[in-house]
Protein chains: 2
Amino acid sequence: MNESTAVFALSALAHEARLKVFRTLVGSGPTGMTPSALSAALDIPATTLSFHLKELVHADLVTVERQGRNLHYRPALAHMNALLGYLTDHCCQGQACIPSVRKRRATC
Amino acid sequence: MNESTAVFALSALAHEARLKVFRTLVGSGPTGMTPSALSAALDIPATTLSFHLKELVHADLVTVERQGRNLHYRPALAHMNALLGYLTDHCCQGQACIPSVRKRRATC
DNA sequence: TTCATACTTCAAATATTATTGAAATATAGA
DNA sequence: TCTATATTTCAATAATATTTGAAGTATGAA
């Protein structure tokens, strides 16, 4: 994870619909969720949802896999974890902002 | 920290110049940095920098304090920490994405 | 094949953000 | 007060992102 990757991932998460989608996917089981299910759950039109899912996939925060007629979207937890690690490592540069938890690195 | 606060903070960080500014402020000492110093260090025109600093302040990720003729901008580490905590808490919902570090909460 | 379902891409409108010079404001020192 | 420095706000433009219906593509079932 470098600065531009981080900016890209942050941009992907910096939207109400996309953060909701990501959180919903995290809450879904290992099979992930289909666009139809997400569309119904979050009340987002299919076209709009498709646009946002593409953004998330493009930022590597979500993966897709086709299973028959359905697509299954899943959160890319390792990438999210890398983002959290990057932010943690660069928000204090070795100094602790909260002494009691100093040097603990962010993970999800 | 709630969803909309998180989106706001993420949006503030989701820009190359602003992430650079934040990181630079984190690296600066407790006196923070003035716009002139940031402008020189990052080679960003004063007007553009002022726009981005306002965004960061508005998102509570940075604080300002006037000292004589200068302004001192400092990172609001507690708020950054709250953002990391929110993301950590909501990216796995109790499940570990990386077993060896499970349940460790993100902090900076 | 044909039909229905699941999704995506296209396209065009709308909305939001970013950039920057010029002008304005604030402070401090002479 | 007058002047210089520090920084912001204004205003106009340029660039990007978002939304959504309509049309297209892919798959599976009949």
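Note that this is a predicted model, so its numbers are computed, not measured. Numbers restart at 1 for each chain; the letters A, B, ... are given by sequence-line order, proteins then strands.
- For the pair A/His58 NE2 and D/dT16 C1', the interatomic distance rounds to 15 Å; values are reported in whole Å.
- Nearer to the 5' terminus of DNA chain C, by closest-nucleotide assignment, is the contact made by A/Ala46 (compared with the other of B/Ala17 and A/Ala46).
- Summarising the local packing, CD of A/Glu3 is surrounded by more than 12 heavy atoms from other residues, nucleotides or ligands at distances under 6.0 Å.
- With rounding to whole Å, A/Phe8 atom CZ is found 12 Å from D/dT16 atom C1'.
- For the OP1/OP2 pair of D/dT20 and a distance below 4.0 Å, the side-chain nitrogens and oxygens of A/Thr47 include no atom meeting the criterion.
- For B/His15, the listed nucleotide lying nearest its side chain is C/dA18; candidates were C/dA28, C/dA18, D/dT8.
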Item checked: Derivation and outcome, side chain to side chain contact (heavy atoms under 4.5 Å, CB included), residues A/His90 and B/Leu19 -> CA-CA 10 Å; A/His90 292 84; B/Leu19 188 58; over 6 Å; no
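- Closest approach to the B/Arg69 side chain among D/dT19, D/dA4, C/dA4 is made by D/dA4 (side chain taken as heavy atoms from C-beta onward).
- Look at CD on B/Glu55: it is 14 Å from P on C/dT16, rounded to the nearest Å.
- An OP1 or OP2 oxygen of D/dA6 is reached within less than 4.0 angstrom by no side-chain nitrogen or oxygen of B/Tyr73.
- When distances run from any side-chain atom of A/Arg18 to the nucleotides D/dT18, C/dT8, C/dT19, the shortest one goes to D/dT18.
- With C/dA6, D/dT18, D/dT9 as the candidates, the nucleotide lying closest to the side chain of A/Asn70 is C/dA6.
- The distance from atom CG of B/Leu49 to atom P of D/dT9 is 12 Å, rounded to the nearest whole Å.
- With rounding to whole Å, A/Leu53 atom CG is found 13 Å from D/dT18 atom P.
- Between the NE2 atom of B/His52 and the P atom of D/dT8 there is a distance of 13 Å, given to the nearest Å.
- When the nucleotides C/dA18, C/dT9, D/dT9 are ranked by their closest atom to the side chain of A/Ser50, C/dT9 comes out on top.
- The two atoms that bring A/Ala46 and A/Ser39 nearest to each other are N-OG, 4.0 Å, heavy atoms only.
- At most 12 non-hydrogen atoms from other residues, nucleotides or ligands lie less than 6.0 angstrom from CG of B/Asp43.
- Between the P atom of D/dT8 and the CG atom of B/Leu71 lies a distance of 5 Å, rounded to the nearest Å.
- Proximity of the aromatic rings of B/Phe8 and B/His58 is defined here by a centroid distance below 6.0 angstrom, and this criterion is met.
- Regarding A/Phe51, its CZ atom lies at a distance of 12 Å from the C1' atom of C/dT9, rounded to whole Å.
- If you find the closest nucleotide of DNA chain D to A/Pro45 and to B/Lys54, the one lying nearer the 5' end belongs to B/Lys54.
- Considering only side-chain atoms of A/Arg66, the nucleotide from D/dT8, D/dT27, C/dA6 that sits closest is D/dT27.
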